[in-house]
Amino acid sequence: MSDADERNTSGRKPLSLGGNRGGSGSGTVQQSFARGRSKQVVVEKKRKRTGGPGADKPVQDAKPETPQTSKDKARAARAALSAKAKQLGLSEEELLKRQQAIMRARSEAADRDAKRKAEADELERRDREQREELEKQKRAEDEERKAREEEAARLKAEEEARIQAENAAAAMPPEDADRAKPSRKPEKDRAPKEHDGDAGGDERSLLEEMGGRVKKKAAAPEKSSATRSKEPKRRQGKLTIQNIVEDDSDRQRSLASMRRAREREKQRRAQQGKGRDKVAREVVVPEHITVQELANRMAERAADIVKFLMQQGQMVRANDTLDADDAELIVEEFGHTVKRVSEADVETGFISSEDPEESKQPRAPVVAVMGHVDHGKTSLLDALRSTDVAAGEAGGITQHIGAYQVQLKSGDKITFLDTPGHAAFSAMRSRGAQATDIVILVVAADDGVMPQTIEAINHAKASGVPIIVAVNKVDKPDANPDKVLQQLLQYEIVVEQMGGEVQAIPVSALKKQGLEELAEAITLQSEILELKANPDRSAEGVVIESQVDKGRGPVATVLVKRGTLSRGQIVVAGSQWGKVRALVNERGQQMKDAGPSLPAEILGLDGAPEPGELFAVVESESRARELVDYRQRQRRDKSSGMSSGGASLEQMMAKLKDNEVQELALVVKADVQGSAEAISSSLEKLGNEEVRARVIHAAPGGVSESDVLLAKTSGSPIFAFNVRANKQARELAEAEGVEIRYYSVIYDVLDDVKNTMEGLLAPEKRETFIGYAEVLEVFNISKLGKVAGCRVTEGVVRRGSGVRLLRNDTVIHEGQLSTLKRFKDEVSEVRAGTECGMGFENYHDIQVGDKIECFTVEEFKRTL
Ligand SMILES: Nc1nc2c(ncn2[C@@H]2O[C@H](COP(=O)(O)OP(=O)(O)OP(=O)(O)O)[C@@H](O)[C@H]2O)c(=O)[nH]1
């Protein structure tokens, strides 16, 4: 040790383990040189680094240390070691060994860690290499596959091109075929490219496109199979003609499936389309519409509507009419939208607005002659016209309206309407008043004011038409004109003679007295009224009368109110229309045209219009048809009112239960429209709250087959007034069991119907009391139920008679006496003071002490 210390002082590194214990071992070795020379060399042995931080320190510190500091440190370390050994109770040796052992263990742990890390790095590297290898491989495979596909497509295209070229060559002359071959090839070459491009899109888009092109469709499955599995890849790999054939068979299957897909798509679109239409449809709903028509407009089935309404409790048929509200509900229920319109819009412009004042010219007054029966209306008109119309009238009653124009001596013209005087014609009279400017009220001086005189006054007043009173028959000895004028006061007709404004002219139609004065009065009145009309426009007016003439067909007597009616014009009158074939005046003369206030018969209509209806010239046939169709529809709806319009189950039940009112349906045919109307209005006035007549059809003309059919369906007889049934109608009526009754007097029609209706009246029931019985005992008899053992206390009891069971003087049952026994025998009657057994029909709650009242009921026929 001391040697070492000496050498150290000479600057040599000491060879000691102790001083360099931390990181390296060092010592001196004898190095021999040539020729026996030797040298002491200090050898320092570096220890391997250990992982521990404590272990590093001495090594790091060792380098920059000078030998002096190192020595000091070694000393310090030794001192610390000995201090620590002392502290732990160990010798320095032991502590040193322990520390060496710890160092070794640390070094070994560090080695293990390093080894593990190296292994992990190695594994990662190998894995990466493997992945790279795989990717490389995959890329190579992809390239190979692509190349194969292109090759396959090329071969196929070539094959197809070849086949087509062969076909073309077969079809063409040889030189054309040669030319065609190269030109078609590039086209075919392009085809697979198109494939590739399309294949980029997905399969669904192909289906939706529905191209229907075979090539496109063929590409889809091929591509999809190639991307989906490896199997087709293998198949494609072995590309032979066989392979292409197999591809063809694939294509066949694909086509079939595409077709199915196309069908499915079609269906889906159809359904979608349907749904869309349903929502989009706007349904025009007029005021009335049949179920069928509504179904058509909604593009639904009528049966579906019927079914729907049935579910709602309404029983309708396809031909039944629904009102707009019902139709709207249905339309909305079926998922459509509603557009309500008024069909009446068609009427707009039929009657035009007022003409400008400057276009108007004076016109003749239209005068209606009204009054009570036989007060001399016709005679007065005759006198005014100097023609005898009254002579030709059957039974002396004017059965239809007439219109005539007369020219006075002064040149003034007056149009007269001869309205009938019978009460049945009141409706028509009211129309006459509507068409008139002045009413001449004929009152017979010997008879005075009568019921129909009053009616005429009321009509005239209601329509605001001024009245001129003609006090007729002043020639008669018992004539009292003043009395007539006084009577009229009651009805607010104050004549001039009485200080009023109404003109009253005493006349005698028979003696032709006072006629001029009457004409003057009319002229004066019309001057006051300033009657004017525009003659230079299309004609409008009113139908006065109509009939179906055997030879001439439908004839309508019209009064032109403004404009001028000419032959050849198209006229709509009520619900009839036609081209004016002829215009005839009251004398039977043909006219070319008819101006304002002129009455004329027009021929050429397709039916007889209703009196009082307005007529007008229209510009075209189509316009006429449109109007007439609408009006006829309106009439049909009106006449079928009850049966159509949606009879609900409730209504049906109510109708069945409600037998209180009986209706007698009737069909009336008459010689002229006026008679038909008169009869139907008179008939409808008949009846009471229990029974009434309903005229379902009243028209002029003979009885036709259609009338018979109508009567048959409504279960009605036909009342033919002054007309006959044709042969076919007669035969049909016989076959169908329809009764046709012929009449020539209106009263007979009314009487007959009245009698029939009386037959429909429920007979009157009169009850007669016949006896009382008292219940003494009640027996239960198995077959009969409860039977009362009674004693008849008053009168007589009869089997089958009506009975009332009274308990404490209260009626608790009313019914029929079904059992009446004396001992064990059934008897028909039992008299007072006798005991008997009594049983009720369907009633068994009888108690001892009850009273039984017996009565009979008699029925009496009722009259209206
Ligand atoms: N003495 C006399 N008799 C008259 C006069 N006017 C009419 N008569 C008679 O009275 C009767 C009835 O006359 P019509 O002209 O038919 O009477 P109407 O009011 O037209 O009768 P209807 O058409 O049935 O409503 C006839 O017999 C006439 O001869 C008259 O001024 N003096």
Side-chain angles (χ1 to χ4, degrees), residues 367-404 406 414 416-433 436 438-460 467-485 488 504-519 521 544-545 557 586 611 671-672 674-675 677-679 681-682 721-722 744-747 750:
V367 178
V369 180
M370 291 185 179
H372 195 69
V373 183
D374 285 345
H375 277 200
K377 300 181 294 292
T378 313
S379 303
L380 186 61
L381 276 167
D382 288 346
L384 284 163
R385 296 176 62 205
S386 307
T387 47
D388 187 12
V389 176
E393 285 177 358
I397 298 175
T398 308
Q399 297 234 359
H400 56 85
I401 202 168
Y404 331 97
V406 297
I414 303 171
F416 288 102
L417 303 178
D418 180 11
T419 56
H422 193 278
F425 290 77
S426 55
M428 202 194 293
R429 186 189 296 143
S430 118
R431 285 177 183 166
T436 57
I438 299 164
V439 164
I440 294 183
L441 184 68
V442 180
V443 190
D446 60 339
D447 207 11
V449 173
M450 298 302 284
Q452 282 151 36
T453 318
I454 300 162
E455 234 180 271
I457 293 169
N458 291 338
H459 280 300
I467 294 172
I468 296 174
V469 180
V471 184
N472 194 24
K473 304 192 187 181
V474 287
D475 61 300
K476 277 201 163 182
D478 53 350
N480 189 348
D482 291 340
K483 192 184 162 200
V484 171
L485 300 182
L488 286 171
I505 316 293
V507 293
S508 167
L510 199 69
K511 306 271 180 197
K512 294 193 166 64
Q513 289 170 4
L515 300 180
E516 274 184 36
E517 287 84 345
L518 183 61
I544 303 296
E545 171 66 289
T557 306
E586 68 275 9
D671 51 351
V672 290
S675 310
E677 199 170 290
I679 292 167
S681 70
S682 300
F721 180 71
N722 279 344
S744 55
V745 176
I746 287 181
Y747 304 110
L750 302 185

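Just so you know, residue 1 is the first one in the sequence shown, and it goes up from there. Both counts, for ligands and for their atoms, begin at 1 and track the order of listing.
Checking only distances, K473 does come within under 3.5 Å of ligand 1, N or O to N or O. Considering both main-chain and side-chain atoms, G376 comes within under 3.5 Å of ligand 1 through a nitrogen or oxygen pair. For the pair L510 and ligand 1, the shortest N or O to N or O distance falls below 3.5 Å.
Listed by number with element, the atoms of ligand 1 under 4.0 angstrom from any heavy atom of H375 are 19 (O). Each of the following atoms of ligand 1 lies closer than 4.0 Å to a heavy atom of V373: 24 (O), 25 (O). Atom numbering of ligand 1 starts at 1 in the shown order; those under 4.0 Å from a heavy atom of A509 are 6 (N), 30 (C), 31 (O). Set against the non-hydrogen atoms of K476, the atoms of ligand 1 under 4.0 Å away are 1 (N).
When heavy-atom distances to ligand 1 are checked against a 4.0 Å cut-off, T378 comes that close through both its backbone and its side chain.
L380 has its side chain within reach of L518: a pair of non-hydrogen atoms, C-beta onward, lies under 4.5 Å apart. For the pair V442 and V507, the minimum side-chain heavy-atom distance is 4.5 Å or more.
Here the shortest heavy-atom distance to atom 11 (C) of ligand 1, taken over L381, D475, D374, belongs to D374.
By the side chain to side chain donor-acceptor pair (under 3.5 Å) test, E516 is found to be paired with K409, residues two or more places apart in sequence or in another chain being considered. Contacts of K476 classified as side chain to side chain donor-acceptor pair (under 3.5 Å), with partners at least two apart in sequence or in another chain: D446.
Results of the side-chain contact (heavy atoms from CB on, under 4.5 Å) test with V471 over V484, I505, L441, V443 single out V484 as the only residue that passes.
Taking all atoms of both residues into account, the shortest heavy-atom contact from A383 to A509 is CB-O, 3.7 Å.
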Problem set entry | CA sep, side-chain torsions, deciding dist, call: H375, N472, side chain to side chain contact (heavy atoms under 4.5 Å, CB included) | CA-CA 7 Å; H375 277 200; N472 194 24; 5.8 Å; no
